[in-house]
There are 4 protein chains.
Amino acid sequence: MIQNDTYRPKRRLRLAPAQRVPQILDAALQEFSRRGFTAARMDDIAQRCGLSKGGLYAHFDSKDAIFKALLDRTLNRTDWAQMPQLAAGAGTRALAEWTVDRLHAALLAPDVITLLRLLIPERERVPMRVDEWKKLTHGHTQQVMQVIQKNLEASGRKDTVLARHPWLVLSPIVHVLLWHTVFGEGGEPDPHYRQAHIDMLCELLA
Amino acid sequence: MIQNDTYRPKRRLRLAPAQRVPQILDAALQEFSRRGFTAARMDDIAQRCGLSKGGLYAHFDSKDAIFKALLDRTLNRTDWAQMPQLAAGAGTRALAEWTVDRLHAALLAPDVITLLRLLIPERERVPMRVDEWKKLTHGHTQQVMQVIQKNLEASGRKDTVLARHPWLVLSPIVHVLLWHTVFGEGGEPDPHYRQAHIDMLCELLA
Amino acid sequence: MIQNDTYRPKRRLRLAPAQRVPQILDAALQEFSRRGFTAARMDDIAQRCGLSKGGLYAHFDSKDAIFKALLDRTLNRTDWAQMPQLAAGAGTRALAEWTVDRLHAALLAPDVITLLRLLIPERERVPMRVDEWKKLTHGHTQQVMQVIQKNLEASGRKDTVLARHPWLVLSPIVHVLLWHTVFGEGGEPDPHYRQAHIDMLCELLA
Amino acid sequence: MIQNDTYRPKRRLRLAPAQRVPQILDAALQEFSRRGFTAARMDDIAQRCGLSKGGLYAHFDSKDAIFKALLDRTLNRTDWAQMPQLAAGAGTRALAEWTVDRLHAALLAPDVITLLRLLIPERERVPMRVDEWKKLTHGHTQQVMQVIQKNLEASGRKDTVLARHPWLVLSPIVHVLLWHTVFGEGGEPDPHYRQAHIDMLCELLA
DNA sequence: TATGAATGAGGCTTCATTCAT
DNA sequence: AATGAATGAAGCCTCATTCAT
């Protein structure tokens, strides 16, 4: 018997969770970083990954669950830890270039900016994730700073600023990072910021 | 139903707009920076300044109007432009100290951090205000950079990194600013960041 | 002691109720007929008569009180009853012209249209006032119909339609009245509706 | 954000839009004509069609959208245009009866009265819909007037009032329409208004 | 009388979540 | 796994009314 007085929904493409979940997280990342967690709508996330609102709930229990899964995925990216080593005995400029390029890869990745935009307004909601991120980036940049410090010690220059305050090595690129985070891709403080950073390190290492 | 002697009619203090509006903006700033624009509730803003929800609407047409008025007020603070001049003929270290202290006053003020936290998630809603802020801070730090550049030119050192990329002067403090913005007052990359910044400038100016 | 931290309102023109009340009722009539009772705002009524919102409450206890006072005033207009008498022994055409002009004065007055627009949506709120209005207009048009009937009887034509259904005398002008009420002043079914009405009566009286 | 684990919504019938939308419009028509657009509450409309307040928004974007859809539906009723033709060679009285019955069907339908009551207070909000209605009724009555005019021309009576001002044909029934609109079903100016109208037309056509 | 800031109930609308299909 | 109509809590905003001035 045909029941045309009750509702019969359309059926669309059916994907396995392994395919769908990353799509959802991608969509969520964009919506969250664009409008903030609260203002982002499940509808928009769904639409962005070609799903209906209810479809999200086949994979996640709540908006909050998406948010947490998103942080998990982003913070557990293993490739963040992969870093080519510097050839031993490299010169000062080579050291500076290696340093800046490593930092660039680590801190100016689009993901980092997006995550930063996401974490800043929500840092009180998820302080533990902020801590995770702190450790991650810290551990990451720590490697760079250690290479610098070893190099300085090897050349007997324990009294430089960089030796005493190794975080200064990061400052120019963090400066650019904040710029991007606030003002978008449109402009850096200096389009030649890579060269500026390298030059600065050279002067401080010399 | 109220029928005991603990009943106190709601106090209805009437203030002129000139008094009330700043109170509302203060309350809004706190709520907005605590929870973000979207998640902040008119009820909370009202309560924070001792007003009822509807009372806000005697002074502002909408939540959005409050937000914009708030940005206007913060961005039009004249005291941002006030900066003591550096005594002529000061030495390198004095120059560095003056520079760092000026930048600290300008960029590490609580207002700046609060505004930054507010603008990042809302930058797409109020792009013009973001531009205003960009110009403001740019014009502001420009003064510091000019003092540095003049000093370098005066001593014939046109070829330093700072001469070519004066924005590097700001980087350490911007680094700390981002740190505060994300991680709160809890920790800087280095508690002696002022000394680090000064030392760095001394090395680069020497 | 000067209290400049509390609010001190401006003082404006102070009128006696005898002046102010009619102004308020005029303003209310316009707002009510323009937007309906519910949608009309006290603010708009106040502004339309150069008063502040609270000022209305010095004269009326509530919006409803204004509405009722308005109906009272409009329905009690004595001038509605004033009607020049027709010279005895006038011809058919003179009778028709007198009739149409009387009806025009009574039914196409701006007040009537405005009141009609007001009563139609609110007729369930104030059924007694609708009845009053019914009696008023009925009593009013009754006079016209009586003149017609007497004339028909005098000429021995008791069997005409108009003699049996004297309300038909009003129909053309009521037709125009409804037109105005719905479509505004912009257009009648016929710009020569007066002539049409007179001609119709002449034919029916002949 | 709702994070209550004991949340259990009431279960209700799910209907396809094709079923639900007419129900909503029916409910809206009743509420709007009972209380006027502004005073009608979404809650009441929802309840009247067995829906929750928010459920309406799955089908309509706003209260205004419901109002406009309602006008669309009512104004697009095709059966308004359907009219039986008059047998050729009918006598004067037959012509008058046909005319009055057609007009009665067209203008005294409950829908028309309801729509009229609705449009009068909202005519400034939806002037275009008022125009539509004007055209509809005009086109409709135009047919009646044309039949009358042809008949008059056929009998060589081009100089009658009805020939010059055909809208007078409608006047008695418009009179009754306004009466109903204002005073409800309770009473016409004359319970034999159909006979009166027919008689009047006979006299004017004779 | 008059002002207009303030109140608070009430309405419109949004949106995370549910669930029959 | 997916749809989308439906729910209901919660937020924004309106506006009649009050009241300190």
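Reminder, nothing fancy here: chain letters follow the sequence lines and each chain counts from 1.
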Could you give the CG-to-C1' distance, from B:L56 to F:dG11, as a whole number of Å?
-> 13 Å
Respond yes when some side-chain nitrogen or oxygen of C:R14 is under 4.0 Å from OP1 or OP2 of E:dT3, and no when none is.
-> no
Calculate, to the nearest 0.5 Å, the distance between atoms CE and CD1 belonging to A:M42 and A:I45 respectively.
-> 6.0 Å
Would you call D:E124 and C:R34 a salt bridge, taking side-chain N to carboxylate O under 4.0 Å as the test?
-> yes
Just how far, in rounded Å, is C1' of E:dG4 from CD of C:Q47?
-> 13 Å
Cation-pi geometry met for A:R125 and A:F67 (6.0 Å, 45°) | yes
Identity of whatever pairs with F:dC12 - Watson-Crick or G-U, under 3.5 angstrom = E:dG11
In Å, rounded to the nearest 0.5 Å, how long is the span from CG of D:L75 to CG of D:L70?
-> 9.0 Å
Both distances under 3.5 Å, Watson-Crick or G-U wobble: report the partner of F:dT21, or none.
-> E:dA2
Heteroatom pairs (N/O) under 3.5 angstrom, protein to nucleotides 12-15 of chain F:
from, atom 1, to, atom 2, distance (Å)
F:dC12, OP1, B:A40, O, 3.2
F:dC12, OP1, B:K63, NZ, 3.1
F:dC12, OP2, B:M42, N, 3.1
F:dC13, OP2, B:Y57, OH, 2.6
F:dC13, OP2, B:K63, N, 3.0
F:dC13, O5', B:Y57, OH, 3.4
F:dC13, N4, B:K53, NZ, 3.0
F:dC15, OP2, C:R41, NH1, 3.1

To the nearest angstrom, the CZ-P distance between A:F60 and F:dA1 comes to 12 Å
Return the value, rounded to whole Å, for the distance between atom CG of D:L13 and atom C1' of F:dT7.
-> 14 Å
Nucleotide E:dT1, atom C1' - distance to CD of C:Q23 in whole Å = 13 Å
Atom-pair distance (CG on C:L15; P on E:dT3), nearest Å = 10 Å
Within the structure, does a side-chain N or O atom of D:H59 lie under 4.0 Å from either OP1 or OP2 of F:dG4?
-> no
Okay, side chain of A:K63, backbone of A:T38: is any donor-acceptor separation there less than 3.5 Å?
-> yes
If only atom types and distance count, is the side chain of A:K68 paired as donor or acceptor with the main-chain N or O of A:V126 below 3.5 Å?
-> no
For the pair made of CD1 in C:I45 and P in E:dG4, what is the distance, rounded to whole Å?
-> 18 Å
Residue B:S52, side-chain atoms from C-beta onward, closest of F:dG4, E:dT7, F:dG8 = E:dT7
Please check if the side chain of B:R117 supplies one atom and the backbone of B:T114 the other of a donor-acceptor pair under 3.5 Å.
-> no
